[in-house]
Amino acid sequence: MQYRMTLGGSLVIAVALAGCGGAQTANAIPQTISAGTRAPAQRGAWMLPEAKDEILVYATGLSRGGPGLKVHVYSYRSGKLVGLLTGLSDAAGACSDGSGNVFITNRYKVSSTYEYAHGGHDIIATYRADSPVSCAWDPGTNSLAVCGSSVSIFKNEQAKRPTIYNPPISPAYCTYDGNGNLFLDGGLSNGSLWELPKGSGSFISIAVDLSGPFGSLQWDGEYLALNVPTGKPDGSPATVYQLSVQGSQASVVSKTLLYSARGDTNYDVNCQMWIQNGAILAGQRLFNRLAAWSYPGGGKPTKIFAPKPGLCGITVSVPPAGARFRE
């Protein structure tokens, strides 16, 4: 069975409004940022040996508004916990690249994004950026975008010389589309959408006929998927909208409704979602649930993962080429 890597993914975090209007200058500034920062102590981190051959789900551990100190790692096949990453001060968002490497953004105290090999529990690289919230990987250039107070793009995943962009908002979420264009949104406190076209130094405001707050943002291989956290305890589902972007306008093509297993208290997806291989994964922080649904079909979950407190940021990591898959 073949697996297709899907891009992006980011965390729902309230951020401050920093501007509005049309095209904005990005103020791209190449900077040298030291990658020599000592990695945090990772006492208590572990990973089962068989995890290296599994498709893995990484979920950061924001706990009811508190700091994210741990990242839980699950087998996508079985839904069971197979590893734990530790030593973090405030793990927020997550993303992965085509080799299965995983990136975890750490917002406060130490503003760094840490890279882990697929199925590994040791930090293999550190990317310094200002208050990073989310990240995205571009397969066309092998570039890592880290989004927070600013946007830092590390070409070829080289940690020492990012190009820094200052967008009109402090983005909560970012994702690359299939053409290398970077999209940002402002999250819970700023329902706006922006694009940094490939090769451009200016951000474009994208008009979308949806009211905020917005949730996480991801390219699904055909459309820009945008979560609007509308799930309510009265049974109304969370909604993921598929957007077609033409120029500076985004139009809704279709939508995916995410219901709970029982159909009563549904998932208010107020954190990160991840789309992969015909499935969408999302967590509900209040009820400590992590589930997978058919995508774009939605409906009730096809899988419930072992519950752990405060799951929020999510990414899926596929074993690198040559690794043996376990079905």
Side-chain angles (χ1 to χ4, degrees), residues 6-28 93 95 133-141 143 145 147 150-151 153 165-230 237-258 269-270 272-275 280 282 295-298:
T6 309
L7 313 178
S10 48
L11 171 71
V12 177
I13 291 292
V15 294
L17 176 65
C20 59
Q24 301 285 330
T25 301
N27 297 327
C95 62
V133 174
S134 62
C135 59
W137 175 72
D138 178 19
T141 61
S143 294
C147 303
S150 58
V151 175
I153 297 181
Y165 296 86
N166 296 309
I169 58 169
S170 294
Y173 336 93
C174 56
T175 187
Y176 283 102
D177 69 7
N179 294 316
N181 305 306
L182 183 67
F183 289 87
L184 319 170
D185 77 31
L188 292 177
S189 66
N190 179 9
S192 63
L193 184 63
W194 297 82
E195 178 187 0
L196 179 63
K198 182 179 180 180
S200 174
S202 298
F203 288 95
I204 298 173
S205 177
I206 304 297
V208 55
D209 189 22
L210 293 171
S211 59
F214 289 163
S216 63
L217 184 70
Q218 191 181 359
W219 178 248
D220 70 4
E222 185 175 5
Y223 298 111
L224 195 64
L226 177 65
N227 168 44
V228 176
T230 55
T239 306
V240 178
Y241 293 91
Q242 289 78 42
L243 305 178
S244 175
V245 180
Q246 302 292 332
S248 61
Q249 178 71 44
S251 56
V252 176
V253 176
S254 59
K255 61 184 179 180
T256 298
L257 303 180
L258 306 181
V269 183
N270 52 5
Q272 185 176 351
M273 65 177 180
W274 191 268
I275 298 168
I280 182 169
Y295 182 84

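Please read these numbers as outputs of a predicted model, since none were measured by experiment. Positions are given from 1 along the sequence.
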So, do [X] and [Y] sit near enough that their side-chain heavy atoms are less than 4.5 Å apart?
| X | Y | result |
| --- | --- | --- |
| Y241 | V208 | no |
| D209 | V252 | no |
| I204 | P197 | yes |
| F203 | L196 | yes |

If I compare all heavy atoms of [X] with all of [Y], which pair ends up nearest, and what's the gap?
| X | Y | result |
| --- | --- | --- |
| L257 | P237 | CB-CG, 4.0 Å |
| T256 | P296 | OG1-O, 2.8 Å |
| V151 | P167 | CG2-CG, 4.0 Å |
| I275 | Q218 | N-OE1, 2.7 Å |
| A225 | Y295 | CB-OH, 3.7 Å |

Inter-residue atom distance [X].[atom1] - [Y].[atom2], 0.5 Å rounding:
| X | Y | atom1 | atom2 | answer |
| --- | --- | --- | --- | --- |
| L243 | K255 | CG | NZ | 12.5 Å |
| S202 | W194 | OG | CH2 | 11.0 Å |
| L224 | W219 | CG | CH2 | 7.0 Å |
| M273 | I280 | CE | CD1 | 5.0 Å |

Let me know which of L184, L226, L217 forms a side chain to side chain contact (heavy atoms under 4.5 Å, CB included) with L193.
->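 Running side chain to side chain contact (heavy atoms under 4.5 Å, CB included) over L184, L226, L217 with L193 returns exactly one hit, L217.
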Could you pull out all residues at least two apart from [X] that satisfy side-chain contact (heavy atoms from CB on, under 4.5 Å)?
| X | answer |
| --- | --- |
| S254 | Q242 |
| A145 | I153, Y176, L182 |
| N179 | D177, N181 |

Polar side-chain atom of S150 near backbone of N166 as donor-acceptor pair, under 3.5 Å =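 Not at all, since once roles are kept as given, no pair shorter than 3.5 Å links the two residues.
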For S143, the side chain to side chain donor-acceptor pair (under 3.5 Å) test, sequence neighbours excluded, returns T141
SG of C174 to SG of C135, below 2.5 Å?
->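 With an SG-SG separation of 2.5 Å or more, C174 and C135 do not form a disulfide.
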